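Data first, discussion second: the structure below is written as structure tokens.
Note that this is a predicted model, so its numbers are computed, not measured.
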Amino acid sequence: KRSPDLSPLAPPEPPSLGMSVCPWQVCGAWVWILVAATSVSFPLLQGWVMYVSLTSCLLSLLLFLSYFFGFRRNSENWRVLDSLYHGATAILYMSAAVLQANATIRSEDNPSSPPRYQLNTAASFFAFLTTFLYILHAFSIYYH
């Protein structure tokens, strides 16, 4: 005898975070590396950018490791936690991206250091890209 198909009654599999975690961690690391390469010309602005990028990268790594080691199985609110974390991090990254863009505009006036302006421009680009990736992931988990 064939057993009845219970697949519609089975809970859905949680989304796989295998390769989807990497983009914002990599972009966030690039933000930190590029800002550090500018020798932090504007400590108040770029200090916040470095704090947000490094902290977010480390917390995302911890969240990924907790997912990887199966802590999500012990919690029914895993998707809520994941969505709230990435949403809050997106807000922090937006503030960091705006401050980094301000630092880029300020470094444009200094003609003696074009490489610093280029590094700041690249850091601004990656900060906004990382913000977009965090927002995209937060909404994809929320609406999944």
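For Tyr67 and Trp78, the gap between ring centers is short of 6.0 Å.
Between Ser39 and Arg116 the shortest side-chain heavy-atom distance falls below 4.5 Å. When side chains are defined from C-beta on, Glu108 does not count as touching Asn120, because their heavy atoms never get closer than 4.5 Å. Looking at heavy atoms from C-beta onward, Val52 lies in side-chain contact with Trp48 at the 4.5 angstrom threshold. For the pair His86 and Trp24, the minimum side-chain heavy-atom distance is below 4.5 Å. Leu58 is not listed as a side-chain neighbour of Leu62, based on a closest heavy-atom distance of 4.5 Å or more. Between Ser53 and Phe126, every side-chain heavy-atom pair lies at or beyond the 4.5 Å cut-off.
Side-chain heavy atoms closer than 4.5 Å link hydrophobic residues (I, L, V, M, F, W, Y) into clusters, and following such links, possibly through other members, connects Leu61 to Phe68. One hydrophobic cluster, built from ILVMFWY side chains closer than 4.5 Å, holds both Phe42 and Trp32. Under a hydrophobic clustering in which Ile, Leu, Val, Met, Phe, Trp and Tyr are joined whenever their side-chain heavy atoms come within less than 4.5 Å, directly or via other members, Leu133 and Phe125 fall into the same cluster. One hydrophobic cluster holds both Leu63 and Leu54 under the rule that ILVMFWY side chains link at heavy-atom gaps under 4.5 Å. Connection of Leu92 to Trp30 is established within a shared hydrophobic cluster, with ILVMFWY side chains joined at heavy-atom distances below 4.5 Å, either directly or through further cluster members.
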>> If you apply the rule side-chain hydrogen bond (donor to acceptor under 3.5 Å, both in side chains), what do you find for Thr104 with Thr121, and how did you get there?
In response: CA-CA 6 Å; Thr104 302; Thr121 302; 5.0 Å; no
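Closest approach of Val31 and Ala127 over heavy atoms only: CG2-N, 3.4 Å. Scanning all heavy atoms of the two residues, the minimum distance from Ala37 to Leu119 falls at O-CD1, 3.7 Å. Heavy-atom minimum distance, Leu129 versus Cys27: CD2-SG, 3.6 Å. Nearest approach of Tyr85 to Ser56, heavy atoms of both residues: OH-O, 3.1 Å. Residues Gln46 and Ser41 share a closest heavy-atom pair of OE1-N, 3.0 Å.
Ser60 and Tyr134 form a side-chain donor-acceptor contact under 3.5 Å, judged by distance and modelled atom types alone.
Rounded to the nearest 0.5 Å, atoms CE (Met50) and CG (Leu99) are 14.0 Å apart. One finds the CG atom of Asn77 at 9.5 Å from the CG atom of Leu84 (value rounded to the nearest 0.5 Å). We find the CD1-OG1 distance between Ile135 and Thr89 to be 11.0 Å, quoted to the nearest 0.5 Å.
Judged by distance alone, with hydrogens and angles left aside, the side-chain atoms of Thr38 form a donor-acceptor pair with the main-chain N or O of Val35 at under 3.5 Å. Checked by atom type and distance alone, the side chain of Gln100 never pairs as donor or acceptor with a backbone atom of Ala96 at under 3.5 Å. In this structure, the side chain of Ser140 engages the main chain of His137 through a donor-acceptor pair within 3.5 Å.
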